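For reference, the structure is listed below as structure tokens.
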Number of protein chains: 2
Amino acid sequence: MARVRIKDVARHAGVSEKTVSNVINDYVHVSDRTRRVVQEAIDHLGYKVNLAGRHLRKGRTGIIALVVPELDVPYFAELARHVIREAEQRSLTVLIHQTGADRDHELAALAGFGSTFVDGVILSPLALTADDLRSRTDAPPTVLLGELLEEGADHVAIDNEKAAREATEHLIGLGRRTILAVGGRDDAGLGTAEARTRGYRAALAAAGLAFDPAALLPVPSFRMPDGAEAVARALDEGARPDALLCLNDQLALGALRTLYEYGMRVPEDVAVIGFDDVEGGRFSTPTLSTVAPDKAAVARIAIDLLRHRMDEAATPAPGDTSPAGVRSPQDLVVAHRLVLRESTEGAARRSRDPQDAERHANDGESGN
Amino acid sequence: MARVRIKDVARHAGVSEKTVSNVINDYVHVSDRTRRVVQEAIDHLGYKVNLAGRHLRKGRTGIIALVVPELDVPYFAELARHVIREAEQRSLTVLIHQTGADRDHELAALAGFGSTFVDGVILSPLALTADDLRSRTDAPPTVLLGELLEEGADHVAIDNEKAAREATEHLIGLGRRTILAVGGRDDAGLGTAEARTRGYRAALAAAGLAFDPAALLPVPSFRMPDGAEAVARALDEGARPDALLCLNDQLALGALRTLYEYGMRVPEDVAVIGFDDVEGGRFSTPTLSTVAPDKAAVARIAIDLLRHRMDEAATPAPGDTSPAGVRSPQDLVVAHRLVLRESTEGAARRSRDPQDAERHANDGESGN
DNA sequence: CAGCCAATGTACATCGATGTAAAAACGTGC
DNA sequence: GCACGTTTTTACATCGATGTACATTGGCTG
């Protein structure tokens, strides 16, 4: 039961502790015979590396933190899956933290959890301010996702403004004229919602459509209930939209439900489009058109950026205090594409896929 | 930039390293004046505890692992949220790991990730066998969720057999007679699916309905696409069910989509019920009846069980080798309840909620 | 076979925090 | 003012793995 240490393995194999360490770490200059003997001792005794010792010595843990507002928001869960996968390929372990959109939690994450056991942080901030970010000191290497708070940190996201503009133009192209932005908000500021709102307004302006501030439906959070409630409230107040630009798929799925309850057909009466391309939108009724970010790319790039910073941090700059060799903050844009499904295209377009068409013909037949 | 150590703080404050340590750890016998001086030095230098050192000395990390098959399965994401919350209240940090239902990954998790940096593991196994579990040696304290693989480990779950039986009885109570079990499988074995299948069969038997092996629709995984495909295949092969017992909500949501595409009305033609009560089922069209486990309770109990084991492990039993004082494996059952929504009850029942009723009347009017 | 280089292996110090044991400081009662 | 019991503080060893610097071995050249 007593824990097996390198010392025990060394004794058992009749070699020094360092040699055991060399075997474990795949050091080149170890003869095959020695390696074999040591390996047998390791297997025999059931030795496992003690991370505490290694960490203390190496100053690295191999653990990075992924910090998201809520794990049960599918977008973040799907993103987490990709991040974990990418990290694993680089022998990094991912510690997931959820902040509940709480500023204190996010600050703690920025500071490396008040201690020193994550080598880096991938943070999807919601409540942080640019000042928070700027005033952080000796924080671990950090990559921001989604919101670009300020220029001081590496950042990965899609071009939210352009994406929102394209989505809105798609709705306009369908002949829609009264388009509500669910989750939209005052477009000053650097957040994702603000950027998407800007794109929405840009598309309206380009099409010569008037912008009505009341068309922005603010929401407390980006989840289904909020989307459902916001749209219900707007309809109750007399709004008669012919399209909804929902700033994420959860809001859109909630909105679909409300439209159904109000007896409004999608997309005939109201076209709906979202952001994120979560799985739920591929199986909803109707299926949901959406802006699909390349999540795998977001994950991959975030990890790469982080690794670069981690390497920088590990190599004490030759000039010491001089910031030479430190790369300036990167701001990378990931591709997105419009995925058009029933909630804007209707059932007709689905005939592209023969199987779907067949099913749908069937559906049309008996679809009350 | 150089890291601040206790030594630096001690020098700055003019005391010994141990005194600084005492201050940090709220040791009682430190004079107020000393404490103040040390605290000032800490603040001044921006000292942060180095977990590596502490971990090495104390042998504990304060980190527990939550190991799930897939994070982007909403049930696990929602569960993770609760676990993280509960753990936080006990000053534990949660490391989430996803196994992709891969046996090797699950084994690695059981072994504490081949190293020693998690104090405990909460594992939701899918691919492990009882043998795997039995043969583990010096693994960290472990609590199993969902599947009871064998008696050797602590375990938390709902009474899956009973829950499935109740859900099936509900369907039978609606007058349904041809009930397919989506995700159902041969009911030998200890897995969740097996237990639910047993409950399904028990309910059929109790109602005097014949069991048709073809009514079990196996699925490769418990996700929406699998539910959609399994049901489509069954329908294509001529099955004409009047109800579906889906072994989780994801399968059910996928099934809803297929039924829609085949023009079958829910619940008029086919009633559908799932398990898990995920958010998506509260906003689907129709909304989804489901077996709702008390997820918060699962999380709370799992953490409590784990903490107990961790404490046991920390206190070297007085008798040393004797297993005295070690609690026998716990097998706890968490409450569940049937949540009935449109997919079995139809719209009528929803009239309990006036607002919903109104909306639905409206809906009936123009619902194509 | 001396001499040299490269390959291999070892002893020891070190990373940072904390437990142990004991010394120093302090206070109290006589 | 002294002995004694607390409280407060300190020096030092220790947790486990690994980097450094050096010792040893073996092979090969001339």
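Model, not experiment: these values are computed from the prediction. Chain letters run A, B, ... following the sequence lines, proteins first and then strands; every chain starts at 1. Because only heavy atoms are used, hydrogens play no part in the values below, and waters and symmetry mates are left out as well, while side chains stay in.
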*Aromatic ring centroids of B:H55 and A:H55 under 6.0 Å?*
no
Output yes when a side-chain donor or acceptor of A:D294 lies under 3.5 Å from a complementary backbone atom of A:V334, and no otherwise.
no
Winner on side-chain proximity to B:H29, out of D:dA11, D:dT8, C:dG16, is D:dT8
- Task: Check whether any side-chain N or O of A:R5 sits under 4.0 Å from OP1 or OP2 of D:dA17, and answer yes or no.
- Result: no
Whole-Å distance, A:R54 CZ to C:dG16 P, equals 18 Å
From the list B:Q39, B:R36, B:K18, side-chain contact (heavy atoms from CB on, under 4.5 Å) with B:V23 holds only for B:Q39
SB check B:D311 B:R60 (cutoff 4.0 Å):
yes
Atom NE2 of A:H55 and atom C1' of C:dC15 are separated, to the nearest Å, by 10 Å
| message | I want to check something: taking the side chain as every heavy atom from C-beta on, are B:L144 and B:D154 in contact at a cut-off of under 4.5 Å? | response | no
(Q) Between B:S21 and C:dA17, is there a contact of a side-chain N or O with OP1 or OP2 at under 4.0 Å? (A) no
(Q) Within the 4.0 Å heavy-atom criterion, would you say A:V15 contacts the bases, only the backbone, or no part of the nucleic acid? (A) sugar-phosphate
Worksheet entry | Electrostatic pair B:D304-B:R307, nearest N-O below 4.0 angstrom | no
Looking at B:E78 and B:K295, is there a salt bridge between them, counting it only when a charged N and a carboxylate O are closer than 4.0 Å? yes
Would you say A:N25 reaches D:dA17's phosphate, i.e. side-chain N/O to OP1/OP2 under 4.0 Å? no
From the candidates D:dC15, D:dT18, D:dT10, the one with an atom nearest any side-chain atom of B:L56 is D:dC15
Rounded to whole Å, NZ of A:K58 lies from C1' of C:dA13 at a distance of 18 Å
Side-chain atoms of B:N22 come closest, of D:dG19, C:dG9, D:dT10, to D:dT10
With five pairs defining each end axis, the helix from C:dC1-D:dG30 to C:dC30-D:dG1 comes out bent, to 10°, by 40°
5'-most contact on DNA chain D (nearest-nucleotide basis), B:G53 vs B:T34, goes to B:T34
When rounded to whole Å, the CZ to P distance for the pair B:R11 and C:dG16 reads 12 Å
Of A:I6 and B:R33, the one whose closest nucleotide on DNA chain D sits nearer the 5' end is B:R33
From CD of A:E17 across to P of D:dG19 the rounded distance in Å is 14 Å
note: B:R35, atom CZ; D:dT9, atom C1'; distance rounded to Å ~ 13 Å
Taking D:dT9, C:dA17, D:dA17 as options, the one with an atom nearest any side-chain atom of A:N50 is D:dA17
- request: Test A:I122 against A:L145 for side-chain contact (heavy atoms from CB on, under 4.5 Å), laying out the working first.
  value: CA-CA 7 Å; A:I122 298 178; A:L145 300 184; 3.6 Å; yes
Atom CZ of A:R60 and atom C1' of D:dA17 are separated, to the nearest Å, by 17 Å
Rounded to whole Å, CZ of A:R36 lies from P of C:dT8 at a distance of 14 Å
Side chain A:K18 and base D:dG19 donor-acceptor under 3.5 Å: yes
Under 4.0 angstrom between B:R57 side-chain N/O and C:dG16 OP1 or OP2: no
request  = Examine D:dT10: is either OP1 or OP2 under 4.0 Å from a nitrogen or oxygen in the side chain of B:Y27? Give yes or no.
outcome  = no
- Query: Would you say a side-chain N or O of A:S31 is under 4.0 Å from OP1 or OP2 of C:dG9?
  - Reply: yes
